[in-house]
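Data first, discussion second: the structure below is written as structure tokens.
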Amino acid sequence: MRWPDLLGSAAANTRRARIRTGLTVVAVFIGACALTLTSGMGTGVNRYIDDTVAAFGDADALYVQKSQPLVELSAGAGPREYDPDTTRIRTGFGVSFEGLSPEDVEFLEDLDGVASVKPMYAVSPTYLEAADGSRFQLSPGIPVDAVGLQMVAGGPPAADRDEIAVPDSWVADLGYDSAAEAVGGEVVVVMTDLGERDRAFPARISGVTQASLAGTSLNPIPSDSFNERLYAYQVSGGPQQVPESFAMATVTVEDMGRAAEIQARLEEREMLGLTVEDQLGMFRTVINAIVWILNACAVIALLAAGLGIINTLLMSVQERTREIGLMKAMGMSGRTVFGLFSLEAVLIGLLGAALGAAAGVAGGSAVSSALAEGYLSGLPGLSLFAFEAGKVALIVLAVMGIAFLAGTIPAVRAARKDPIASLRHE
């Protein structure tokens, strides 16, 4: 019997017991749909984490600071109004603040395997004033965060200009109706020096950033030159010169394979060096663990569907015993009989897998769009379910493989039947 004829016969046989076959297909459908959804979730969330990694900074760098946190990050719910009685923050003479010293920077530059070191000043503005006179507390982000920022409108601040990028959550509070309108606007950053004298520093809004998992876009981010100007005024006006201090330093490593070695050297000097993956790897590990657990549940469902296939085909073999005996008596080999029943199992798997994968993609895409406009609107750019054609096709093939393996037991039984005994079967 030729393969096309064998395939046609297998397709016809699956339609004999439609209810039984249909229930088995439904079981396969559920497992394939679940596996497609969990795979899509893993792809979507990991893609968002990859985008966040790009926004957080250079993947080939270590971000070095002293062993205690140096930069306060706000909650991302928008700016807080300025209160001169409670929010005055100063850094410099008379205030305990331990950052990286010039000697620390020299130590970093002398480390074997370090290509370059870029220190960043720690700046503590008094407040930020909007065009309408509103005043807000300001805990600016580190300028290095401008690398790969995810922008809603505009662009990152230019390194050599007095520019600042503001979060999307700040737009309305700054008096703008939209992110696009805010681009090109002006805000004023007020600094207080060590002699208690205030000075206003105008800055152009270069762009509006969107929130990210890393939290890099929760605070306004100044340009390099603007940050340096603010720091220079911050430490001026005192009775004596303030020792130079940096919030952190970006250390570009020649070979990231040696990052662990450099991190160990930093710990000896009471410094902490973190890569982007160090800071975001935990998110990826947790997400992957959840996805694997969900995948395991989907595989269990598929194994249960496999048992359904075994049951369906065993009953089919039992009902078609005389037919099998007749086919073998007419010259059909045991291998062909095995192929016939195996094809029936594969067709059941294909039908359930194709329908399940299609339903998973359609349902996941719809849910992802709804969540992006609802519960997940605070994380722009996150698509909870993202599907890749290659992975979906792999799932369909994997389900068909499980179906084939499940069908081998009844197929072997059918292939081994004695034709004479089968013809006598009642």
Side-chain angles (χ1 to χ4, degrees), residues 1-36 38-39 295-360 391-426:
M1 186 179 248
R2 295 177 301 174
W3 275 103
D5 296 330
L6 201 61
L7 184 61
S9 178
N13 289 332
T14 57
R15 294 194 295 268
R16 286 188 176 185
R18 295 185 179 181
I19 296 179
R20 188 168 64 218
T21 302
L23 291 175
T24 305
V25 168
V26 168
V28 177
F29 169 92
I30 293 173
C33 183
L35 196 56
T36 302
T38 54
S39 174
N295 279 338
C297 294
V299 170
I300 291 173
L302 286 173
L303 293 177
L307 294 176
I309 292 174
I310 293 174
N311 180 65
T312 297
L313 293 183
L314 282 176
M315 293 185 68
S316 179
V317 170
Q318 183 67 21
E319 293 171 353
R320 294 157 57 191
T321 298
R322 288 175 60 86
E323 180 184 332
I324 294 170
L326 181 60
M327 288 188 295
K328 298 191 76 172
M330 293 177 64
M332 183 178 286
S333 66
R335 177 180 295 182
T336 304
V337 173
F338 176 87
L340 177 62
F341 281 89
S342 294
L343 275 176
E344 291 182 27
V346 170
L347 286 176
I348 292 174
L350 174 61
L351 185 58
L355 293 176
K391 289 186 177 180
V392 174
L394 186 61
I395 289 172
V396 173
L397 291 175
V399 174
M400 290 172 63
I402 292 174
F404 171 77
L405 292 176
T408 56
I409 295 176
V412 167
R413 176 172 290 189
R416 290 179 176 177
K417 280 191 174 293
D418 179 79
I420 303 302
S422 298
L423 289 171
R424 293 174 179 172
H425 182 76
E426 294 296 336

- Query: When rounded to the nearest 0.5 angstrom, what is the spacing between CG in L347 and OG in S342?
  - Reply: 11.0 Å
- Query: How close do V317 and A414 get, heavy atom to heavy atom, and via which atoms?
  - Reply: CG2-CB, 4.0 Å
- Query: Of all heavy-atom pairs between I310 and A406, which one has the smallest distance, and what is that distance?
  - Reply: CG1-O, 3.0 Å
- Of all heavy-atom pairs between V412 and F338, which one has the smallest distance, and what is that distance? CG2-CE1, 3.6 Å
Please tabulate, for the side chains in residues 392-404, all donor-acceptor contacts under 3.5 angstrom to protein atoms that are two or more places apart in sequence or on a different chain.
none

- Task: Could you check if a side-chain atom of K417 sits within less than 4.5 angstrom of a side-chain atom of V337, using non-hydrogen atoms only?
- Result: no
- Taking the side chain as C-beta and beyond, is there a heavy-atom pair between L340 and M327 under 4.5 Å? yes
- Query: Under the 3.5 angstrom rule, does the side chain of S39 hit a backbone N or O of T36 as a donor-acceptor pair?
  - Reply: no
- Inter-residue atom distance I309.CD1 - L303.CG, 0.5 Å rounding: 10.5 Å
Only distances under 3.5 Å count here; give the side-chain donor-acceptor pairs of residues 17-34 to other protein atoms, sequence neighbours excluded, each with its distance to 0.1 Å.
residue, atom, partner, partner atom, Å
R18, NE, R15, O, 3.4
R20, NH1, E319, OE2, 3.2
R20, NH2, E319, OE1, 3.2
T21, OG1, T14, O, 3.0
T21, OG1, A17, O, 2.9
T24, OG1, R20, O, 3.0
T24, OG1, T312, OG1, 2.6

